[in-house]
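What follows is a short report on a single structure.
Just so we're clear, the structure is a prediction, and the values are computed from it rather than from any experiment.
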Amino acid sequence: MKQIIKTLLLSGILLCLSSGVFADGLDNKNAIGMYILGSDNSFGGIQYERRFTDIIGVRFGTYAYYSDVEYSGTPFQANFIVEPDFSLYETTWNNKVSSRLFAFGLAGYDCQRQVNYDFDAQKVKSDKMVHSLVGGAGFGFDFIFFDHLSIPIQFGFVGTYNDVTPNLGFCAGAALRYSW
């Protein structure tokens, strides 16, 4: 076990020391990975980003979940999010870490099945599908390590509009993506 830890530690140190030979991560046009955007209604899942120019890019995110009614109050949820973003400032530090400041917008659709289950009677009290429009805006920082590891951190406001519980509030999110 100690040998594995030593090997992993040595490999990590060598990777960090050799990171200066990599190209600038800001030149990458694509990224794919997973993301989470936390708010009153959280969104997350798989995310793909495409940079069209040095200033304009767009991210597409999607998520789907299903479980048995007895195990969750929301046994089905699916959403699709589109986030156009605009680079405000970019920099590279010692050819090892790149970063950019960006402003983003957010538009999307969320569908949830909300179930109120009576565990004593073993039956469903209420069952409804809730369809929501999602919108938001904010700012974020995208850090790119070793030319390919993209870790964006973003914050702003997001709201959902539906006939059950429309809301607007603060959001914060992060992602872990591979960029190329």
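- Put simply, the side chain of T74 reaches to within 4.5 Å of the side chain of Q112, judged on heavy atoms.
- Defined by atom type and a distance below 3.5 Å, a donor-acceptor pair is present between the side-chain atoms of Q77 and D110.
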| Candidate pair E49 and R177, rule side chain to side chain contact (heavy atoms under 4.5 Å, CB included), full reasoning | CA-CA 9 Å; E49 177 181 24; R177 304 179 309 201; 2.8 Å; yes
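- We find that R100 and D85 are joined by a salt bridge, their nearest charged nitrogen and carboxylate oxygen being less than 4.0 Å apart.
- By the 4.0 Å N-to-carboxylate-O rule, R51 lies too far from D27 to be salt-bridged with it.
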| Where do H131 and Y109 land on the side chain to side chain contact (heavy atoms under 4.5 Å, CB included) test, with the steps shown first? | CA-CA 7 Å; H131 303 277; Y109 168 76; 2.5 Å; yes
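- Within 6.0 Å of atom NZ in K29, more than 12 heavy atoms from other residues, nucleotides or ligands are found, so the atom counts as buried in its surroundings.
- Within 6.0 Å of CZ in F170 there are more than 12 heavy atoms belonging to other residues, nucleotides or ligands.
- No hydrogens or angles considered: nothing links the side chains of S99 and D142 as a donor-acceptor pair under 3.5 Å.
- S67 and Y65 share a donor-acceptor pair across their side chains, judged by distance under 3.5 Å alone.
- Between F143 and F141, the two ring planes are parallel [angle under 30°; tilted spans 30° to 60°].
- Grouping the Ile, Leu, Val, Met, Phe, Trp and Tyr side chains by contacts below 4.5 angstrom, directly or via other members, places M129 apart from Y63.
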| query | Given S179 and I144, is the side chain to side chain contact (heavy atoms under 4.5 Å, CB included) satisfied, shown in steps? | reply | CA-CA 8 Å; S179 66; I144 303 170; 4.2 Å; yes
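- Applying the 6.0 Å contact sphere to CG of L101 captures more than 12 heavy atoms from other residues, nucleotides or ligands.
- Residues Q114 and N116 are not in side-chain contact: their nearest non-hydrogen atoms beyond the backbone lie 4.5 Å or more apart.
- More than 12 heavy atoms of other shown residues, nucleotides or ligands fall within 6.0 angstrom of atom CZ in F52.
- Ring orientation note: the planes of Y48 and W180 are tilted relative to one another, at an angle of 30° to 60°.
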| Hey, mind stepping through V134 and F43 against side chain to side chain contact (heavy atoms under 4.5 Å, CB included) and telling me if it holds? | CA-CA 10 Å; V134 181; F43 306 98; 3.7 Å; yes
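- Proximity of V82 to R59: side-chain heavy atoms (C-beta onward) are nowhere separated by under 4.5 Å.
- The number of heavy-atom neighbours closer than 6.0 Å to CG of L168, taken from other residues, nucleotides and ligands shown, is above 12.
- In this structure, L106 and I81 have side chains that are in contact, with non-hydrogen atoms separated by less than 4.5 Å.
- Aromatic ring orientation, F80 versus F60: parallel (interplanar angle below 30°, classes split at 30° and 60°).
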